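Working notes for the structure below.
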2 protein chains.
Amino acid sequence: MLVNEQLSVGQRIPSEIRLAETLGVSRSSLREALRILDVLGIIEAKTGEGTVIRKADPENLKNLMTLVAVSGGIDTVDLYEARCAIEVQAAMLAALRHSDEDVRAMERALKDMDECRSADASAQSDYLFHRAIVRASQNDVLKMMMSFISDLLDEQIRDTRSRLGLEILDRFQKQHWAIFEGIVSRNPEGAGKAVRDHLTYAQEKMGFLWKRRIGR
Amino acid sequence: MLVNEQLSVGQRIPSEIRLAETLGVSRSSLREALRILDVLGIIEAKTGEGTVIRKADPENLKNLMTLVAVSGGIDTVDLYEARCAIEVQAAMLAALRHSDEDVRAMERALKDMDECRSADASAQSDYLFHRAIVRASQNDVLKMMMSFISDLLDEQIRDTRSRLGLEILDRFQKQHWAIFEGIVSRNPEGAGKAVRDHLTYAQEKMGFLWKRRIGR
DNA sequence: TTTGAGTGATTGTCAGACTATCCGATTAAC
DNA sequence: GTTAATCGGATAGTCTGACAATCACTCAAA
């Protein structure tokens, strides 16, 4: 009914009892199905009120994807390469579409990294910078994929990053500014290449420290 | 228990009745939870036998992702740009890692496209070619993401492709061979650029025909 | 007009029963 | 001795009925 556009966002669906009668199944079986739509974020059930169609927010799927990834034994290197794919494209699009607010967010993150040298705060700013790039791309699919990947990679990256020497972190920062420069000057090829160079370099410096697989 | 590695793939989990007792919930409530793990492909329940932990295959998630995408109203252009991200990276990796079997699969798809000119068969070979690239990358995350995207985009691409003139399809085919050349000669930058050129060109020629959003 | 109780509807949860199916052991037939 | 048939136990799949918690709404009283 949702796919056929007989139901739209915000609309309330029939109660469990009536829906079970309509579909010719018991309430138990119906509830098992509704629960699936619930965890997918497609519906939202409220006790005493009813159940409504929700605009699915991919953020809600992160936990599920994490479970699947852990169960499937995803390779860390595979994840990192996928991140590279997403972020290069995002930087290219960001160079074309970024807003003033996006630029401010990126600049703030970079200056934070320039100033504070505590490993933890630095890693946090690093994360914010990369996220700002993806947001600036104004592409919801890229944002979704990036949030999946970040969720799985972040812990490991934060861990390995803290073991790197200062000269490597300085080089990281120079590369960050190069990315920023490419995006602000609206140069897609330059921004894309800068991201690829940065992530390739980072993988060289951190990759050997990674666990091969996440979970299992 | 799965995340903490107390359970591993292939292992059988306690029966629903015993598990419900252990966790202190009713069988109905437990089943709602197990059903979620089931559709995620994390467990597999067989009547009369029991339930085992399964190595989650992302292929099983395609239907779910389609539902979420429809419910969330994903933009077709966003999807296509994400596809570009994935496939460029995949081609670069394919240039480094492809096997003889991969090359054969790609070559077969291209020759099929050279020969048969029926729109439908041509589109099918096109699909197979692009899929072979991603498979050659030997990256499970890219494969997963590509299968999500393909599932959502294919119908629309197949539709718009059938309306294109012969000279455009010929140009497509030349670009395909350029991609193939880059991969076979183990030239990552060349292969990546060839893919990007191809997909950018295809988007120029087909994009204006697309519906803006999928579903809703 | 506002407050309060009451009422019906709805989701969340539980308990119990029955069916279909599978696995393994036991038994019967050859 | 080997094979086939049968039976029982265990398990997932389904259904029914019940109760609790919560919410929205109505309506009467202050």
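Below, chain A is the first sequence line, B the second, and so on; all start at residue 1. All figures in this text were calculated on a predicted structure; none of them were measured in a lab.
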Basic-acidic side-chain contact under 4.0 Å: B/E32, B/R35: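 Between B/R35 and B/E32 there is no salt bridge, as every charged N stays at least 4.0 Å from the carboxylate O atoms.
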
Pair A/R158 + A/E155, salt bridge at N-O below 4.0 Å: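 Between A/E155 and A/R158 there is no salt bridge, as every charged N stays at least 4.0 Å from the carboxylate O atoms.
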
Please give, in whole Å, the distance from [N] [atom2] to [X] [atom1]?
| X | N | atom1 | atom2 | answer |
| --- | --- | --- | --- | --- |
| B/R31 | C/dC14 | CZ | C1' | 15 Å |
| B/E44 | D/dG13 | CD | P | 10 Å |
| A/K46 | D/dT22 | NZ | P | 15 Å |

Given C/dC23, D/dC15, C/dT11, which nucleotide is nearest the side-chain atoms of B/E49?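 That would be C/dC23.
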
Counting heavy atoms from C-beta on, name the nucleotide in C/dT11, D/dA12, C/dC14 closest to the side chain of B/E16.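 In terms of side-chain proximity for B/E16, the closest of C/dT11, D/dA12, C/dC14 is D/dA12.
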
Please lay out, stage by stage, how B/R83 and A/Q89 fare under the test side-chain hydrogen bond (donor to acceptor under 3.5 Å, both in side chains). CA-CA 10 Å; B/R83 174 191 165 170; A/Q89 178 79 11; over 6 Å; no

With respect to the phosphate group of [N], does any side-chain polar atom (N or O) of [X] fall under 4.0 Å of OP1 or OP2?
| X | N | result |
| --- | --- | --- |
| B/R18 | D/dA10 | no |
| A/T47 | C/dT11 | no |
| A/S29 | D/dC15 | yes |
| B/T51 | D/dA12 | yes |
| B/R12 | D/dT11 | yes |

Give A/S28 one of three labels, base, sugar-phosphate or nothing, depending on what nucleic acid heavy atoms sit under 4.0 Å from its own.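 If one applies the 4.0 Å heavy-atom cut-off, A/S28 turns out to touch a base.
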
Side-chain donor or acceptor of A/H98 paired with backbone N/O of A/I183 under 3.5 Å: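 Checking the backbone N and O of A/I183 against the side chain of A/H98, a donor-acceptor pair under 3.5 Å is found.
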
